[in-house]
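What follows is one structure encoded as structure tokens, with my remarks underneath.
All values derive from a computational prediction rather than experimental measurement. Whatever order the structure lists them in is the order used to number ligands and atoms, beginning at 1.
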Amino acid sequence: MRDKIIPALDVQTIEELNFLIQELKGEASIVKIGMELYYSFDNDVIKRLKDNNFKIFLDLKLHDIPNTVHKAAKTLAKNGVDILNVHAAGGIEMMNAALAGFKTENEQGILIGVTQLTSTSTEMMNNELLIAGEVQDIVLKYAENVKTAGLAGIVCSAQEVSSVKEKLGADFQCITPGIRPKGISADDQKRIMTPLQAIRNGSDYLVIGRAITKAPSPRQAYLDILKEIENE
Ligand code: C5P
């Protein structure tokens, strides 16, 4: 179960990072590095976390021409990234190229597709991006493309897991943010689920940021969540 909880280390200072490393060391197995942390410290942050025995989910949402993404994914795998994501909007050829690059350096690595961002509304998608239809349908179509390209799964809301798995199979991995234990503020997340609900819905990995990182004791918050899902 430890592999299923991925604390999102959304901090930008070395002091905050060191604090979270000390708190989560020996407990969490995988941690997520987002853009703000990665662009603050580059590969030093990967090395530092690897040295403390964490596996790395690097959330950079790559999107460029296939050749560029291929090389980027290869380089990141070489630098020790275990889970990486790319935008499905880049198309099947781009995702395929990313996968080939990533796997060259990390055979066990997991490449994930990002479908539509949760900040995208149907109105914005229809009127600005000129993509017709409902966001939900586009998410499923993009997820299908992700599978066709050979990637392991997608990032999605825990509420979408059952429809995604119904269409693409139980093995298709769903990494779900928007997780809040009972009694914890939703912050800016619109559709939240508790860790237990998300696991029961079939989530493969729970990405959990503030409920862990902003807790008085991140270690205790992590252990409480682990206890909640442990018997599932
Ligand atoms: O603090 P919180 O648990 O809301 O953090 C969720 C993490 O998941 C953040 O790092 C956020 O960037 C990420 N994420 C998200 N929604 C998505 C994709 C990623 O909240 N659709």
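- Atoms CE and NE2, from Met95 and His87 in turn, are 11.5 Å apart once rounded to the nearest 0.5 Å.
- Counting atoms of ligand 1 from 1 in the listed order, those under 4.0 Å from a heavy atom of Ala8 are 10 (O).
- Annotation: side-chain contact (heavy atoms from CB on, under 4.5 Å) contacts of Gln159 (sequence neighbours excluded): Ser157, Arg191, Met193.
- Under 4.0 Å from ligand 1, heavy atoms of Arg210 appear from its side chain as well as its backbone.
- Between the CG atom of Leu140 and the CD atom of Glu166 there is a distance of 9.5 Å, given to the nearest 0.5 Å.
- An N or O contact shorter than 3.5 Å is missing between Pro177 and ligand 1 by distance.
- In this structure, Arg180 has a heavy atom closer than 4.0 Å to ligand 1.
- The distance criterion of under 3.5 Å between nitrogen or oxygen atoms is not met by Asp188 with respect to ligand 1.
- Short contacts between ligand 1 and Thr118, defined as distances under 4.0 Å to a heavy atom of the residue, involve ligand atoms 16 (N), 17 (C), 21 (N).
- Considering backbone and side-chain N/O of Asp59, none are found under 3.5 Å from N/O of ligand 1.
- Close contacts of ligand 1 with Gly209, meaning ligand atoms under 4.0 Å from a residue heavy atom, involve 1 (O), 2 (P), 3 (O), 5 (O).
- Short contacts between ligand 1 and Val207, defined as distances under 4.0 Å to a heavy atom of the residue, involve ligand atoms 7 (C), 8 (O).
- Partner of Phe41 under the side-chain contact (heavy atoms from CB on, under 4.5 Å) criterion, out of Ile14, Ile33, Ile46: Ile14 alone.
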Practice task
Could you walk me through whether Asp51 and Lys25 pass salt bridge (charged side-chain N to carboxylate O under 4.0 Å, His left out), step by step?
Solution key: CA-CA 10 Å; Asp51 287 348; Lys25 194 176 170 172; over 6 Å; no

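- Between Tyr222 and the options Asp224, Leu226, Ile225, a side-chain contact (heavy atoms from CB on, under 4.5 Å) holds for only Leu226.
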Exercise for the section: Given salt bridge (charged side-chain N to carboxylate O under 4.0 Å, His left out), test Lys214 with Asp10 step by step and report yes or no. Expected result: CA-CA 10 Å; Lys214 300 288 180 212; Asp10 295 328; over 6 Å; no

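- A distance of 4.0 Å separates CD in Gln173 from CG in Asp204, rounded to the nearest 0.5 Å.
- In this structure, atom 12 (O) of ligand 1 lies nearest to the protein heavy atom Lys32 NZ, 4.0 Å.
- Shortest contact from atom 20 (O) of ligand 1 to any protein heavy atom: Gln189 NE2, 2.9 Å.
- When each atom of ligand 1 is checked for a heavy atom of Asp10 under 4.0 Å away, the hits are 9 (C), 10 (O).
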